[in-house]
Engineer: 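Just passing along the structure, written as structure tokens.
Throughout, residue positions are numbered sequentially from 1 according to the sequence presented.
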Amino acid sequence: MNSELHQEQKRVDCVMETITKDINRLEEETSRRKNEVVQIRRHFWDEVKVNTDTFDDYLETIIGLRQEAQALSVSQSSHRYASKRLSTLRRMQEIPYFGRIDFIEEGTSMQEKIYIGISSLSDSDGENFLIYDWRAPISSVYYDYQPGPAKYETPGGIIQGSLEKKWQYLIRKGVLQSMFDTSLTIGDEILQQVLGKGTDKKMHNIVATIQQEQNRIIRHDHGRLLIVHGAAGSGKTSAAMQRIAFLLYKYRGRLNADQIILFSPNTMFNSYVSNVLPELGEENMQQVTFQEYLDHRLSKKFQVENPFEQLEYVLTADNTPSYRSRVASIRFKASTHFFEAIQAYGKSLETSGMQFKDIHFRGKPIVTAQQMEERFYSHDTSLRFHNRLEKLKDWLLKKMSEVKRTEWMKPWVQEEIELLSNDAYHKAHRYLAEKRGFNEETMADYEVEHDALARLIVQQKWKPLRKQIRVFRFVDIKGMYKQLFADPKQMKQWIEGEVPTSLSTICQLTQEMLDKDILFYEDATPFLFLKELIQGFQTNSAIKHLVVDEAQDYSPFQFEFLKRLFPAARMTVLGDFNQAIFAHASEMVDFNTLTNLYGPEDTEVINIARSYRSTKPIIEFTRRLVPNGERIIPFEREGDRPSLKQLVNHEELHSYIASKVADLRGNGYHSIAIICKSAEESLRAYEALSSIDEIKLLKSSSIEYEQGVVVIPTYLSKGIEFDAVIIYDASAHVYGDESLRRVFYTACTRAMHDLQLYSVGEPSPFLQNALEEGFIQA
């Protein structure tokens, strides 16, 4: 083995030498290209002779401009490519490659050694690959097979062959620290080492440890919708990030990072995953939360509740009078039944029910809502709904022009002229002079005509009104959404399926909020959907791929909306129903609902049951918290059993937590989370534990995930992992209701190495099975 290590180290030295040469060459090239770009920009106009006297001169000028712009574009592209490659090579200096397969292609007798890393590398002649990119077709053999018959798919067809051996390497900065023949060793040695380490404030790529089921997710490439249902800690998000890198590699030239959107659970999560793609030499895709999209579309008109405010209400307001009605409302408005009801309501508006707003100018109505309604339902009724609205808009603009023609003669215009400041007058003078054909030299000779100035003032005052008409502000969407809830009996005609028993209360509550210009989170997407049905969808066909993480937090309604919003996009959806903590969760008993989105023939569901995040004892405990937990398979990584400490009061609780944090820090843990049920409980805990050095409180508004000791509500901890987790109060008083089982499970599954639960009084009933079976130390 030592001689083999020696030989492999010699190869590493050779590869490192090639990387260093390439880096030196590219450093020189990027510097040269950068100077080229600067010089072209600086002397752009020096190289172009601008002459528009004749058509030939004008044509010569255009050609000159185009040539200079093209030269600038080529230099910028070359600089960008060289910089990107340089960045990748510098990362390869740290870890040039991590794996090797010895492969014999069918029909040949020669064994080829394929070394695999984060990017490809050729020898100095460019004839032979020293390293293959992990996304290359042949690299899939490394992830998918053990020694024996193997195959991989290429654009030219399937290549069959035999995998003779598979090796894992641990190389750091040019030194081969160890290598494993995985056909001889048991388990994944590199994976054991990676999982045994502490967490970081950023998620990292997993190319060296991709498992077979994760590789299937990454390289999946057919159909419109891929649904990944995986246990907590199964690597769903990591695989999704690698999947984006794979798609950018496979479709380079046809797909770029700007055409991919990741819908993430919160802004803090965006920070957490922002490192993965740059590590692989790719640009980050667009990252947004669904709430940010809603705010962008609605916050100018409404105070829009966010999902965390909704969840905080559900977790803390269970003693309020309207609680049950509100929860029923959340579930109803998340359903496909409500989606279909709004579609049916929208269809009914073709014959009656459209509401409009009077158009006023200077406090006086120009066109009334009643006139618009009469016009809409009496003219062009054979046209499609949206076309009828366009016709109404054109009619309104024409009416506006008619009114504007006489407005300039009214007394208010003269008053405006007299009140003009010197600056405003000079701007008007310049505008009117240029309109009359005067230039810089002759402008002083122009005398402002009173009528022209009057018309200009009317035009300026008229502009905002015309703009509002062009974007359909005369349509009363709020009035029509409110009208939907005006009469529960009438509403029933649009609902297919079971009608909520508390429909009357739901209708009343919705109307009360709309009167206050407040949109509950459960109303935001339906409101937007109705708006789009009426005014026409603001679709985005430039987006080619959507990744939706924590999909169990989205309602069927929201998925239907996303489908219409991004009609050209394929979708990768990741989730774990056991972590479905939002109030609408009962509407998505599983992900079968989603298969209806594009149909079974265009949808694939991949289930991953093995969990890698936590030690085996932690997973053995957490899988007993949820139904069907026996399906979750723990990765063989040893550690201590979770422990439960029952306490008398909160003073004792805070004392024990402070002591436990000190112990955990002493054990070298860098990220320690004290997880509370809600933001309300988190604030109380943070204030009580403020004596702990550098303790931080994470809120829904937190932009960046921070390491250290953090106090965090359950719903913000989703998707993030910590070295150690302390469940602040796992008592029956806090986690007693069955609806909180998944919330509790989510909190416990954040722990990688150490899990401590405290209970002020009787422990939660969720712990009963684990206590009886001895999977938690009490």
Side-chain angles (χ1 to χ4, degrees), residues 8 11-27 29-30 77-78 80-103 105 110-145 150 152-156 159 161 163 166-174 176 179 190 204-210 215 218-219 221 241-257 276-283:
E8 287 293 331
R11 186 184 191 281
V12 172
D13 294 340
C14 172
V15 167
M16 294 300 289
E17 190 179 327
T18 303
I19 290 172
T20 302
K21 282 180 183 175
D22 282 2
I23 285 174
N24 292 338
R25 177 180 56 79
L26 282 169
E27 281 177 339
E29 186 180 336
T30 51
S77 295
S78 300
R80 192 161 47 243
Y81 172 79
S83 297
K84 187 177 174 182
R85 181 61 183 164
L86 184 58
S87 176
T88 301
L89 287 167
R90 283 172 177 157
R91 279 189 292 274
M92 290 175 76
Q93 272 187 314
E94 293 291 316
I95 306 173
Y97 50 89
F98 52 80
R100 179 186 115 200
I101 54 172
D102 297 347
F103 188 75
E105 189 177 323
M110 190 177 72
Q111 180 174 280
E112 191 177 358
K113 292 181 178 180
I114 308 291
Y115 290 82
I116 298 163
I118 64 163
S119 184
S120 57
L121 182 75
S122 300
D123 60 18
S124 54
D125 299 329
E127 292 180 3
N128 299 304
F129 277 108
L130 298 175
I131 303 170
Y132 283 79
D133 192 298
W134 66 277
R135 296 165 289 190
I138 195 168
S139 301
S140 65
V141 172
Y142 176 77
Y143 298 115
D144 285 341
Y145 294 97
Y152 63 95
E153 196 173 331
T154 73
I159 306 294
L163 173 59
K166 183 162 83 168
W167 295 85
Q168 288 183 315
Y169 294 89
L170 194 61
I171 305 170
R172 295 295 181 268
K173 295 185 177 179
L176 176 59
M179 58 186 284
I190 304 290
H204 293 279
N205 78 72
I206 59 166
V207 289
T209 60
I210 292 168
N215 195 45
I218 292 164
R219 294 174 188 263
D221 200 22
M241 299 303 288
Q242 313 295 132
R243 172 166 169 71
I244 292 168
F246 171 76
L247 292 171
L248 288 170
Y249 171 85
K250 183 172 182 179
Y251 296 107
R252 54 194 181 279
R254 282 192 284 158
L255 180 70
N256 60 57
V276 179
L277 288 173
E279 273 188 359
L280 298 168
E282 302 290 354
E283 291 178 28

Engineer: Compare all side-chain heavy atoms of Y142 with those of F98 and state whether any distance is below 4.5 angstrom.
Structural biologist: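 Result yes, sub-4.5 Å side-chain heavy-atom pair found.
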Engineer: I want to check something: taking the side chain as every heavy atom from C-beta on, are N215 and F246 in contact at a cut-off of under 4.5 Å?
Structural biologist: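 SC-SC contact between N215 and F246 ruled out.
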Engineer: Are there more than 12 heavy atoms of other residues, nucleotides or ligands under 6.0 Å from atom CD of E153?
Structural biologist: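 Not buried by this count: 12 neighbours or fewer within 6.0 Å.
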Engineer: Using atom types as modelled, flag every donor-acceptor pair under 3.5 Å from a side chain in residues 110-117 to any protein atom, sequence neighbours excluded.
Structural biologist:
from: E112; atom 1: OE2; to: Y132; atom 2: OH; distance (Å): 3.4
from: Y115; atom 1: OH; to: E8; atom 2: OE1; distance (Å): 3.3
from: Y115; atom 1: OH; to: E8; atom 2: OE2; distance (Å): 3.2

Engineer: Test your reading of the model: is there a side-chain donor-acceptor pair from S87 to the backbone of S83, 3.5 Å cut-off?
Structural biologist: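 Not confirmed, S87 side chain does not pair with S83 backbone.
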Engineer: Atom OH of Y249 and atom OG of S120: how far apart are they, to the nearest 0.5 Å?
Structural biologist: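 Between Y249 OH and S120 OG, I get 6.0 Å after rounding to 0.5 Å.
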Engineer: Heavy atoms only: give me the nearest R243-I218 pair and the separation to one decimal.
Structural biologist: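 Looking at all heavy atoms of both residues, the shortest contact is NH1-O, 3.5 Å.
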Engineer: How long is the gap from CD1 on I19 to OG1 on T88, to the nearest 0.5 Å?
Structural biologist: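 Atom-to-atom, I19:CD1 and T88:OG1 are 11.0 Å apart.
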Engineer: More than 12 heavy atoms of other residues, nucleotides or ligands under 6.0 Å from OH of Y145: is that the case?
Structural biologist: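 Counting other residues, nucleotides and ligands, OH of Y145 exceeds 12 neighbours.
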Engineer: What's the shortest heavy-atom distance between L163 and A150, and which atoms?
Structural biologist: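 Closest approach of L163 to A150, heavy atoms only: CB-CB, 4.1 Å.
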Engineer: Please lay out, stage by stage, how W134 and I210 fare under the test side-chain contact (heavy atoms from CB on, under 4.5 Å).
Structural biologist: CA-CA 10 Å; W134 66 277; I210 292 168; 3.9 Å; yes
Engineer: Hey, could you give me each pair passing salt bridge (charged side-chain N to carboxylate O under 4.0 Å, His left out) that has a residue in residues 120-135? Not counting sequence neighbours.
Structural biologist: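 Passing the test, one end in residues 120-135: D133-R135, R135-E282.
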Engineer: Given side chains that start at C-beta, do those of I118 and E279 come closer than 4.5 Å, heavy atoms only?
Structural biologist: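 No, every pair of side-chain atoms sits at 4.5 Å or beyond.
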Engineer: List the residues meeting side chain to side chain contact (heavy atoms under 4.5 Å, CB included) with E17, not counting sequence neighbours, and say none if there are none.
Structural biologist: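 Only K21 meet the side chain to side chain contact (heavy atoms under 4.5 Å, CB included) criterion with E17.
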Engineer: Could you check L247 against K250 for side-chain contact (heavy atoms from CB on, under 4.5 Å), going step by step and ending with a plain yes or no?
Structural biologist: CA-CA 5 Å; L247 292 171; K250 183 172 182 179; 5.7 Å; no
Engineer: How long is the straight-line distance from CG of L121 back to CE of M16, given to the nearest 0.5 Å?
Structural biologist: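 Nearest 0.5 Å value for the CE-CG distance: 10.5 Å.
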Engineer: side-chain contact (heavy atoms from CB on, under 4.5 Å) between M92 and L89: does it pass, once the steps are laid out?
Structural biologist: CA-CA 5 Å; M92 290 175 76; L89 287 167; 4.2 Å; yes
Engineer: With rounding to the nearest 0.5 angstrom, report the NZ to CD distance, K173 to E94.
Structural biologist: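 That separation rounds to 5.0 Å.
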Engineer: Nearest 0.5 Å, please: how far is OH in Y152 from CZ in R219?
Structural biologist: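 If I round to the nearest 0.5 Å, the distance is 11.5 Å.
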Engineer: Would you check if there is a donor-acceptor pair between the side chains of R91 and S119 at a distance under 3.5 Å?
Structural biologist: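 Side-chain D/A pair, S119 to R91: absent.
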Engineer: Give the C-alpha distance, both sets of side-chain angles, the deciding distance and a yes or no for side-chain contact (heavy atoms from CB on, under 4.5 Å) between T154 and I138.
Structural biologist: CA-CA 8 Å; T154 73; I138 195 168; over 6 Å; no
Engineer: Could R11 and Y97 be counted as a cation-pi pair, given that NZ or CZ must be under 6.0 Å from the ring centre and within 45° of the axis?
Structural biologist: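 Yes, R11 and Y97 form such a contact.
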Engineer: Are R100 and D102 close enough for a salt bridge, meaning some N to O gap below 4.0 Å?
Structural biologist: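 A salt bridge is present here (some side-chain N lies under 4.0 Å from a carboxylate O).
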Engineer: Mind checking whether K166 and V141 have side chains closer than 4.5 Å, heavy atoms only?
Structural biologist: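 No, every pair of side-chain atoms sits at 4.5 Å or beyond.
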Engineer: As an exercise, state the distance from CG of L277 to CE of M241, rounded to the nearest 0.5 Å.
Structural biologist: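 These two atoms lie 4.5 Å from each other.
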